Amino acid sequence: MSSPHPCLSCGACCASFRVDFSVHESEEHGGRVPRGLIEEVNDYTCRMRGTDYARPRCAALMGKVGEKSTCGIYEWRPSPCREFAAGSDACNRVRLRHGLQPLDSGLL
């Protein structure tokens with residue numbers, strides 16, 4: 001039996017970055033990111049609600065960082081979230097910032 005994916009007990013990336021993406025990823029423009037979780041920045045860009053603060057926390061993040069966390073819209077998350085690599089340098093930097101151990105590189 002394999003152990004659960006480390007992202008399921010992390011959430012550090014969801015509480016560390018501003019998440020901007022194309023308006024075309026929003027429900028309103030034919031995408032899948034729910035309208036209630038986005039803020040329009042301009043005619044071309046949206047932002048995940050909660051991520052534009054000095055201490056960001058995405059509105060879709062459920063649970064507590066470093067314990068048990070999950071994305072409330074995992075199937076519909078925007079491209080920056082889909083492209084963020086577990087175990088990457090950026091991942092390990094924010095894990096350390098939240099008091100978590102770094103991961104091995106190359107996780108999916």
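Small disclaimer: the values here were computed from a predicted structure and weren't measured. Positions are given from 1 along the sequence.
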Cluster membership besides F17, Ile/Leu/Val/Met/Phe/Trp/Tyr side chains within less than 4.5 angstrom, sorted by chain and number, is F84, V94

Evaluation steps, side chain to side chain contact (heavy atoms under 4.5 Å, CB included), between E25 and S79:
CA-CA 8 Å; E25 293 187 63; S79 56; 2.7 Å; yes

V65 vs R57, test: side chain to side chain contact (heavy atoms under 4.5 Å, CB included). Steps then yes/no.
CA-CA 10 Å; V65 173; R57 182 182 167 96; 4.1 Å; yes

Search all heavy atoms of C7 against all heavy atoms of S69 and return the closest pair with its distance.
O-OG, 3.7 Å

With sequence neighbours left out, which residue pairs that include part of residues 31-40 fulfil the side-chain hydrogen bond (donor to acceptor under 3.5 Å, both in side chains) condition?
none

According to ring-ring contact (aromatic ring centres under 6.0 Å, His included), does anything in residues 28-67 pair up with another residue at least two apart or in another chain? List the pairs.
none

Please list all pairs meeting salt bridge (Lys or Arg N to Asp or Glu O under 4.0 Å) that have one or both residues in residues 81-91, counting only residues at least two apart or in different chains.
none

Could you work out, with salt bridge (charged side-chain N to carboxylate O under 4.0 Å, His left out) as the rule, every residue matching E67, not counting sequence neighbours?
K64

With a cutoff of under 4.5 Å between side-chain heavy atoms, which Ile, Leu, Val, Met, Phe, Trp and Tyr residues group with W76?
V19, F21, V33, L37, I38, M48, I73

Residues in side chain to side chain donor-acceptor pair (under 3.5 Å) with S22, at least two apart?
none

Side chain to side chain contact (heavy atoms under 4.5 Å, CB included) involving D43 - partner list, sequence neighbours excluded
none

Who passes salt bridge (charged side-chain N to carboxylate O under 4.0 Å, His left out) against R18, sequence neighbours left out?
D20, D52

Sequence neighbours left out, what pairs pass salt bridge (Lys or Arg N to Asp or Glu O under 4.0 Å) with at least one residue falling in residues 4-16?
none

Any non-hydrogen side-chain atom of L103 less than 4.5 Å from a side-chain atom of C91?
yes

With S16, which residues qualify under side chain to side chain donor-acceptor pair (under 3.5 Å), at least two apart?
H98

Hey, could you give me the OG1/CG distance between T51 and L61, rounded to the nearest 0.5 Å?
11.5 Å

So SG of C71 and CZ of R77: to nearest 0.5 Å the spacing works out to 7.0 Å

Given side chains that start at C-beta, do those of P102 and R95 come closer than 4.5 Å, heavy atoms only?
no

